[in-house]
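Here's the structure we're looking at; comments come further down.
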Amino acid sequence: MILNSTIVTPIWPGRSYRLACPIWTTQKECDKFSSPVVGDCFEPEQSTTEVLNSFLVDCMHGRDCTYIDVGCSLGYFAAQAVALGARAICYEPTPVYVDAIQHSRKLNRASDESWMVHQAAVFPQKRKSSHRMSDAYKPCGVGRNALRAARGQSPRGWNVPVISMDEVLRGRNVTVLKVDTDGDDGALLASVEAILAARETSVETIVVELGDLHGLDAWCLANPSNYIRGRPKSEDVTKAACAHLSTYMRGAPFDVLWRFVHVHGYDAYRLNTHTAREIFDWRGINLNKRMAPAPYGLQPFFGVRGMRKLERLDPQFPLTKYPELLRWGQSFLLTRVSILPIASHHELDVFSMQRAMGTHRTWHHFQGFLNNGTFADRGLPADFNSSVYE
């Protein structure tokens, strides 16, 4: 049977690609991915799209890049990586999704070597040779009919081969690794850390979903009295109930994230998904007027290398406070690439501003004023309100 497909156009500088949908998906359903305006669908997630654009854009200009996707789903991020010039390696356990990914590979005229597709479940350690599954994540509802048909043929589900994260990474130089299995992502990240510690792989950038899957979410803190997920509308939810601490980082201890920062030299950033913070319109203006409180330990940055919002984890943030940051599922970016830019502006504008504020007009203060991260100790008046300029 011929699979329906659609054209996906990521935001700049991403390149368009053709995406095949699973069997029994109508053309209207498949077109959900072509445009958020036409399809009313949040997939592919904007924040991950921005990360791939930012870290794989050089692949179009001759850089040797490898993108590995653990939990490839329908393969849209792998297709984006290939369109950007990277070599993609997909791991997906769902047979009907694997068929669609392989069809996408043909539609985009990618070779088997430039886009490898493995039907397999990736585990932290290989403790068994196969794993039985009966369902999978259905992005924007796509894949529902295909999975229903698969269960009709095999009511007990299907067995898929199991490979370990060590087999995925050992001996490879990885440009971007994405881990999204909606399950043991933390345990898989712990395996990555152990392989890095053994110096058996090199991974430049990682995108991973972390946080407690069983608790409330950030929108509870944004408006607890109206938070009714799983509760009668009449039952009030207090901020204290929303502020529970996580006890489960998807199968890993909290010090795994700490070791990436303090042992392996990564910077950690929280992406702007499931955080109840800024929701930008097409002009870049925040429309969310009831944001959750800004969490302690995360410093916001805007417009960094095409990524609209990042929150950097302060390296001095104590490990004992990590459960407060990981109370619900959210995406994190871990990278060894230095991405924060040196601030600059025309000297006449900055000198004029400094003169109006009564600060010193020297080149040293001009540079330090823009890049030291604070207005403190720059000769400002004691009653100066820095929030006006931040």
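Quick note: numbers below take in every heavy atom, side chains included, and nothing from hydrogens, waters or symmetry partners.
Atoms NE2 and CG, from H103 and N108 in turn, are 10.0 Å apart once rounded to the nearest 0.5 Å. The SG atom of C41 lies 11.0 Å from the CD atom of E29; values are rounded to the nearest 0.5 Å. Going from atom CZ of F301 over to atom CG of L340 covers 4.5 Å, rounded to the nearest 0.5 Å. The CG atom of L177 lies 10.5 Å from the CD1 atom of I89; values are rounded to the nearest 0.5 Å.
Taking every heavy atom of both residues into account, P95 and P93 meet most closely at CD-O, 3.3 Å. Here the closest non-hydrogen pair linking A136 and L147 is O-CD1, 3.9 Å. Scanning all heavy atoms of the two residues, the minimum distance from W158 to S134 falls at CH2-C, 3.7 Å. Summarising the geometry of V256 relative to A252, their closest heavy-atom pair is CG2-CB, 4.2 Å, with the distance given to 0.1 Å. When every heavy atom of T25 is checked against every heavy atom of G143, the shortest pair comes out as OG1-N, 4.2 Å. Closest heavy-atom contact between K32 and C140: NZ-O, 2.9 Å.
A chain of hydrophobic side-chain contacts below 4.5 Å, direct or via other Ile, Leu, Val, Met, Phe, Trp or Tyr residues, connects L334 to L319. Hydrophobic cluster membership is shared by V96 and L19, with clusters built from Ile, Leu, Val, Met, Phe, Trp and Tyr side chains linked at under 4.5 angstrom. Both M60 and V337 belong to a common hydrophobic cluster when Ile, Leu, Val, Met, Phe, Trp and Tyr are linked at side-chain heavy-atom distances under 4.5 angstrom.
In this structure, the side chains of M165 and I195 come closer than 4.5 Å at one or more pairs of heavy atoms. Side-chain contact between Y97 and K138 is present, with heavy atoms from C-beta onward closer than 4.5 Å. Residues D314 and L298 have side chains not in contact (no heavy-atom distance under 4.5 Å, counting atoms from C-beta outward). A heavy-atom distance below 4.5 Å is not found between the side chains of F260 and F332. A 4.5 Å side-chain heavy-atom check between L74 and P22 finds at least one atom pair inside the cut-off. Looking at heavy atoms from C-beta onward, S34 lies out of side-chain contact with I7 at the 4.5 angstrom threshold. Counting heavy atoms from C-beta outward, P300 and R277 have side chains that stay 4.5 Å or more apart. Taking 4.5 Å as the limit, every side-chain heavy atom of R250 sits out of range of all side-chain heavy atoms of V208.
With respect to E45 and K178, no salt bridge is recorded, no charged nitrogen being found less than 4.0 Å from a carboxylate O.
With 3.5 Å as the limit, one finds a donor-acceptor pair spanning the side chains of Q80 and N53. Residues T6 and D31 bring a donor and an acceptor atom of their side chains to less than 3.5 Å of each other. S331 and T273 form no side-chain donor-acceptor contact under 3.5 Å, judged by distance and modelled atom types alone.
For the salt bridge (Lys or Arg N to Asp or Glu O under 4.0 Å) test with E204, the passing option among R63, R172, R336 is R63; the others fail.
Residue-environment remark: NZ (K126) exceeds the threshold of 12 foreign heavy atoms within 6.0 Å.
Using a 30° and 60° split on the angle between ring planes, F123 and H131 fall in the perpendicular class, above 60°. Ring geometry, Y266 versus H264: the interplanar angle exceeds 60°, so the pair is classed perpendicular (tilted spans 30 to 60°).
Under a 3.5 Å cut-off, the side chain of N272 and the backbone N or O of E278 do form a donor-acceptor pair. Between the R270 side chain and the E311 main chain, no donor and acceptor come within less than 3.5 Å of each other.
F317 and Y296 have their aromatic ring centers within a separation under 6.0 angstrom.
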